[in-house]
Novice: 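One structure, as structure tokens, below. Some questions next.
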Amino acid sequence: MITGMSPTFLLLVLSCAVLVECTSADYVAAVYEHVARTALRPNLNQKLALKIMNENLDVYEKQMSIASDEGVQIIVFPEYGITGFLLSSDIEVFLEYVPNAYNKNLNPCNQEEFNDRPILQRLSCLAKKYQINVVANMASKVPCEFEQAQACPTRGYFQYNTDVAIADDGQLLAKYNKENLYSEEQQIFDSPAPGDLTNYGLFSTSFGLFGMFTCFDILFGSPSVYLVHGIGVTDMVFPTAWMNELPLLSAIEFQEAWSMQFNVPLLAANIHLPIEQMTGSGIFNGRQGHVVYHYDMVTYHGKLLIGEIKRPAAQKKPSLRPDIVKEIVSKLKRMSPAELKDVSPDVLAVLNYDTRMMPNFTPASKYVSPNPVKFPPVVKRDVKMAPPRRFQAIMNDDLYTFVPLSYDTVSASVSSNNISCWLNYSRKDGGKDHYALGAFDGWHTMNGRYRVQACALVRCPYGDWSKCGQETSYSGTVFNWFSLQISGMSHDAVFFPEVVTSGVHLAEIEAEWRNDCPACSWVYSNKGIERPLLAASVFARIW
């Protein structure tokens with residue numbers, strides 16, 4: 001337990017509904033990939049905006065009804081699913097005030113004070129009608145007097161990209177304002193103060209403690225690292241409007257990789273807008289991989305996905321890290337009593353955690369597997385081809401260094417700055433596709449700035465080495481086995497293992513490929529993958 005708090009602070013904490021232990025159990029979840037009704041005209045007025053939002057809620061209601069009949073306990077809808085995707089300076093007519101849900105019980109369906117917020121109120125009533133927990137994304141505003149951490153904008157209020165969680169009785173459980181805004185979003189929405197504990201969106205159910213984050217957030221440490229490793233959430237919900245970027249950043253590919261790395265279930269709902277490369281939703285169960293997923297770049301139809309999250313027989317404890325817990329506690333101790341009232345009781349519960357009982361955190365760069373993986377030896381070389389020895393090409397907007405794979409069975413390696421990538425592989429005879437092994441260690445600077453270290457085995461489209469890294473959805477070559485490993489990575493690298501096959505399908509974890517552990521810097525397949533391989537990678541982020 002953290003010590004050294006004043007009697008006044010202890011009294012305040014004990015007066016809150018501090019969560020001692022969160023019950024977690026198997027449950028049935030749904031995510032809906034939604035074709036959103038969107039305003040295509042300028043100079044919107046509030047009446048038209050309300051009409052558009054209610055048309056989207058009409059679709060939501062139909063999906064809630066179906067999900068409820070199927071025994072679903074929680075359903076997640078995508079980012080921009082209510083407002084539509086093509087937002088602009090007309091955002092004001094979509095905004096509703098969403099209050100803090102932690103300092104008093106709020107049920108918008110039952111309380112007249114919410115009559116001026118018809119969208120939030122209708123969401124609440126739908127959750128109550130179909131007796132289902134609902135997570136949805138909307139555009140919200142907050143008067144400046146309720147946001148003391150930041151300077152007030154000239155418009156007189158803050159406007160946020162907001163997720164809301166509503167209980168199956170209509171109660172407003174939590175809200176979360178998106179922290180990491182993507183590109184043009186920065187011209188529309190305000191960002192909450194980084195690491196603001198009052199903005200952490202958490203809600204407890206009878207089957208788990210859930211955390212919320214949105215789209216671009218998934219590529220950053222805040223808030224997810226703090227929710228999982230600092231507070232101990234058991235599950236995460238993820239509304240998104242994700243623009244697919246093959247070969248390494250397609251929606252379902254990275255959603256599964258994130259769920260594996262953090263070993264918590266992820267309920268991911270994407271908008272469906274193929275013309276903008278947007279599709280890819282799923283229900284993922286930690287290191288067990290996908291339960292169900294959807295990827296469709298052809299049709300323009302919404303898709304309801306339903307799946308059961310089965311907890312391991314030996315229920316794992318939250319993977320708390322002492323350094324993250326202590327950071328949260330330090331922030332809590334600096335907050336005033338008035339500020340603490342706006343903090344989730346699930347965050348306040350961190351004050352009861354005993355960091356002395358937590359295992360020390362081992363950086364990935366220092367992790368040594370107790371059971372080193374043994375791969376088949378290289379058995380032959382085919383010297384008929386003579387491609388370039390090494391070259392550079394753009395992949396996912398970064399300049400990778402590549403080495404071509406020119407043999408049926410061989411080893412390959414390539415380096416970039418501090419990292420090296422090592423590959424052993426064997427592919428079936430007759431495969432005519434060009435493949436290359438790529439490495440990148442540097443700053444990604446397109447539509448955001450963040451550090452990446454990555455090793456990737458990718459198909460090069462059009463039979464052209466210079467096209468390596470460009471987007472392609474199909475391949476025709478099956479690999480008998482492969483192993484891919486990264487070395488020289490940063491001490492705080494966080495690994496996201498990915499294997500995607502032709503047609504943008506996810507290979508089966510355990511049955512077809514493995515990663516072994518969150519700190520393991522490799523992916524491998526000893527038995528091969530049934531479908532032709534599109535890409536296999538270890539994509540690392542440095543927070």
Novice: Answer yes or no: is there a side-chain heavy-atom contact under 4.5 Å between Gln261 and Val494?
Specialist: yes
Novice: Taking all non-hydrogen atoms of both residues into account, name the closest pair between Val500 and Pro247 and its distance.
Specialist: CG1-O, 4.2 Å
Novice: If you count the non-hydrogen atoms of other residues, nucleotides and ligands that lie under 6.0 Å from CD in Gln46, is the total more than 12?
Specialist: no
Novice: Distance check, rounded to the nearest 0.5 Å: Met236 atom CE versus Gln255 atom CD?
Specialist: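 Met236 atom CE to Gln255 atom CD measures 12.5 Å (nearest 0.5 Å).
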Novice: Could you measure the distance from the CG atom of Leu219 to the CH2 atom of Trp258? Nearest 0.5 Å is fine.
Specialist: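 Here the interatomic distance stands at 12.0 Å.
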Novice: Is it the case that Tyr226 and Glu327 place a side-chain donor and acceptor less than 3.5 Å from each other?
Specialist: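 Yes.
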Novice: Answer with yes or no whether the side chains of Glu179 and Ser222 bring together a donor and an acceptor at under 3.5 Å.
Specialist: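 Checked: Ser222/Glu179 side chains pair up, N/O donor to acceptor below 3.5 Å.
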Novice: Which is it for Phe216 and Leu181 under the side chain to side chain contact (heavy atoms under 4.5 Å, CB included) test, yes or no, and what are the steps along the way?
Specialist: CA-CA 7 Å; Phe216 202 38; Leu181 299 176; over 6 Å; no
Novice: Taking all atoms of both residues into account, what is the closest heavy-atom pair of Ser250 and Val504, and its distance?
Specialist: OG-CG1, 4.3 Å
Novice: On a heavy-atom basis, which atom in Ala139 and which in Ile91 lie closest, and how many Å separate them?
Specialist: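 Looking at all heavy atoms of both residues, the shortest contact is CB-CD1, 3.8 Å.
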Novice: Checking the side chain of Ser259 only, and the main-chain atoms of Gly286 only, is there a donor and an acceptor separated by less than 3.5 Å?
Specialist: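 Yes; judged by distance alone, with no hydrogens or angles, the pair exists.
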Novice: Supply the atom-to-atom distance Ile283 CD1 to Ile306 CD1, rounded to the nearest 0.5 angstrom.
Specialist: 8.0 Å
Novice: After noting the C-alpha distance and the side-chain angles of Arg321 and Val325, does the key distance pass the side chain to side chain contact (heavy atoms under 4.5 Å, CB included) rule?
Specialist: CA-CA 6 Å; Arg321 282 175 43 180; Val325 171; 6.0 Å; no
Novice: Going by atom types only, do Asp163 and Thr214 share a side-chain donor-acceptor pair under 3.5 Å?
Specialist: yes
Novice: Taking side chain as C-beta onward, heavy atoms only, is Ser336 less than 4.5 Å from Leu340?
Specialist: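 The answer is no, as the side chains (C-beta and beyond) never meet within the 4.5 Å cut-off.
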Novice: Going by atom types alone, do Asn177 and Thr162 pair a side-chain donor with an acceptor below 3.5 Å?
Specialist: yes
Novice: Decide side chain to side chain contact (heavy atoms under 4.5 Å, CB included) for Leu246 and Ser473; before the verdict, give the C-alpha distance in whole Å, the side-chain angles of both, and the deciding distance to 0.1 Å.
Specialist: CA-CA 8 Å; Leu246 288 164; Ser473 299; 3.7 Å; yes
Novice: Taking everything shown except Glu112 itself, do over 12 heavy atoms lie less than 6.0 Å from its CD?
Specialist: no
Novice: May I have the step-by-step check of side chain to side chain donor-acceptor pair (under 3.5 Å) for Glu33 and His301, ending in yes or no?
Specialist: CA-CA 9 Å; Glu33 184 160 310; His301 303 297; over 6 Å; no
Novice: Within a strict 4.5 Å, meaning less than it, do heavy atoms of the Pro274 and Val298 side chains meet?
Specialist: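 Contact flag for Pro274/Val298 side chains = no.
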Novice: Is it the case that Ser140 and Gln159 place a side-chain donor and acceptor less than 3.5 Å from each other?
Specialist: no
Novice: Less than 6.0 angstrom separating the ring centers of Tyr60 and His34, yes or no?
Specialist: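 Aromatic pair counts; centres sit under 6.0 Å.
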Novice: Is it the case that atom CD in Glu471 sees more than 12 heavy atoms from other parts of the structure closer than 6.0 Å?
Specialist: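 Yes.
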Novice: With ring centroids as reference points, do Tyr80 and Phe85 lie under 6.0 angstrom apart?
Specialist: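 Yes, the ring centres sit under 6.0 Å apart.
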Novice: For Phe210 and Tyr27, I'd like to know if the aromatic rings sit close, meaning centre-to-centre distance below 6.0 Å.
Specialist: yes
Novice: May I ask you to check whether Tyr130 and Glu61 show a side-chain donor-acceptor distance below 3.5 Å?
Specialist: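 Indeed, the side chains of Tyr130 and Glu61 share at least one donor-acceptor pair under 3.5 Å.
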Novice: Decide yes or no for Ile509 and Glu256: does some side-chain heavy atom of the first lie under 4.5 Å from some side-chain heavy atom of the second?
Specialist: yes
Novice: Measure the shortest side-chain to side-chain distance between Ile324 and Val225 over non-hydrogen atoms and say whether it is less than 4.5 angstrom.
Specialist: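 Contact flag for Ile324/Val225 side chains = yes.
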Novice: Strictly by modelled atom types, are Asp346 and Tyr200 linked by a side-chain donor-acceptor pair under 3.5 Å?
Specialist: no
Novice: Quick one about Lys128 and Asn107 (side-chain donor to acceptor, distance below 3.5 Å, no hydrogens or angles considered), yes or no?
Specialist: no
Novice: Apply ring-ring contact (aromatic ring centres under 6.0 Å, His included) to the pair Phe440 and Tyr400, showing each step before the final yes or no.
Specialist: CA-CA 5 Å; Phe440 176 75; Tyr400 276 70; 5.4 Å; yes
Novice: I'd like to know if the side chain of Lys331 reaches the main chain of Asp196, judged simply by a donor and an acceptor atom lying under 3.5 Å from each other, with no hydrogens or angles considered.
Specialist: no
Novice: Sub-3.5 Å donor-acceptor pair from the side chain of Tyr353 to the main-chain atoms of Ile231, do we have one?
Specialist: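 Flag set: sc Tyr353 to bb Ile231 pair under 3.5 Å.
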Novice: Starting at NZ of Lys51, measure out to CG of Leu44 and round the result to the nearest 0.5 Å.
Specialist: 11.5 Å
Novice: List the atom of Arg531, the atom of Thr501, and the distance in Å for their closest heavy-atom pair.
Specialist: CD-OG1, 3.3 Å
Novice: Could you tell me if the side chain of Asn133 sits less than 4.5 Å from the side chain of Phe207, heavy atoms only?
Specialist: yes
Novice: Is the shortest heavy-atom distance from the side chain of Asn244 to the side chain of Met278 under 4.5 Å?
Specialist: no
Novice: So, for Gly170 and Ser124, which heavy atoms are closest and what is the spacing to 0.1 Å?
Specialist: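 Closest heavy-atom pair between Gly170 and Ser124: O-OG, 2.6 Å.
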Novice: Is the ring pair Tyr32/Phe77 parallel, tilted or perpendicular, if the boundaries are 30 and 60 degrees?
Specialist: perpendicular
Novice: Inspect the contact between Lys141 and Glu92 and indicate whether a charged nitrogen and a carboxylate oxygen are less than 4.0 angstrom apart.
Specialist: no
Novice: I need the Leu249 CG to Asn396 CG distance, nearest 0.5 Å.
Specialist: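 Going from CG on Leu249 over to CG on Asn396, the span is 4.5 Å.
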Novice: Hey, are Asn270 and Ser281 close enough side-chain-wise for a donor-acceptor pair under 3.5 Å?
Specialist: no
Novice: Answer yes if the ring centres of Tyr97 and Phe146 are under 6.0 angstrom apart, and no otherwise.
Specialist: yes
Novice: Please tell me whether Asn161 and Glu185 have a donor and an acceptor in their side chains that are separated by less than 3.5 angstrom.
Specialist: yes
Novice: In terms of relative ring orientation, are Phe262 and Phe496 parallel, tilted or perpendicular, with 30° and 60° separating the classes?
Specialist: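 Phe262 and Phe496: tilted rings.
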Novice: Please assess Arg541 against Asp492 for the test salt bridge (Lys or Arg N to Asp or Glu O under 4.0 Å), listing each intermediate value before the final yes or no.
Specialist: CA-CA 8 Å; Arg541 280 281 291 110; Asp492 52 355; over 6 Å; no
Novice: Centre-to-centre under 6.0 Å for His444 and Tyr450, is that the case here?
Specialist: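 Ring centres of Tyr450 and His444 closer than 6.0 Å.
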Novice: Step by step, work out the side chain to side chain contact (heavy atoms under 4.5 Å, CB included) result for Lys341 and Tyr102.
Specialist: CA-CA 7 Å; Lys341 290 179 180 178; Tyr102 302 135; over 6 Å; no
Novice: Can you measure from CZ (Arg37) to CD1 (Ile52) and round to the nearest 0.5 angstrom?
Specialist: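 Reported to 0.5 Å precision, the distance equals 11.0 Å.
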Novice: Restricting to non-hydrogen atoms, name the atom on Pro518 and the atom on Arg287 that form the minimum distance, rounded to 0.1 Å.
Specialist: N-NH1, 3.6 Å
Novice: Please check: side-chain N/O of Glu96 versus main-chain N/O of Ile119, any donor-acceptor pairing under 3.5 Å?
Specialist: yes
Novice: Looking at side-chain heavy atoms only, is the closest gap between Pro337 and Glu339 below 4.5 Å?
Specialist: no
Novice: Looking at Asp190 and Arg155, is there a salt bridge between them, counting it only when a charged N and a carboxylate O are closer than 4.0 Å?
Specialist: yes
Novice: Classify the ring geometry of His294 against His272: parallel below 30°, tilted from 30° to 60°, perpendicular beyond 60°.
Specialist: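 Answer is tilted, since the angle falls between 30° and 60°.
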Novice: Asn199 vs Tyr176, test: side chain to side chain donor-acceptor pair (under 3.5 Å). Steps then yes/no.
Specialist: CA-CA 6 Å; Asn199 188 46; Tyr176 164 69; 4.9 Å; no
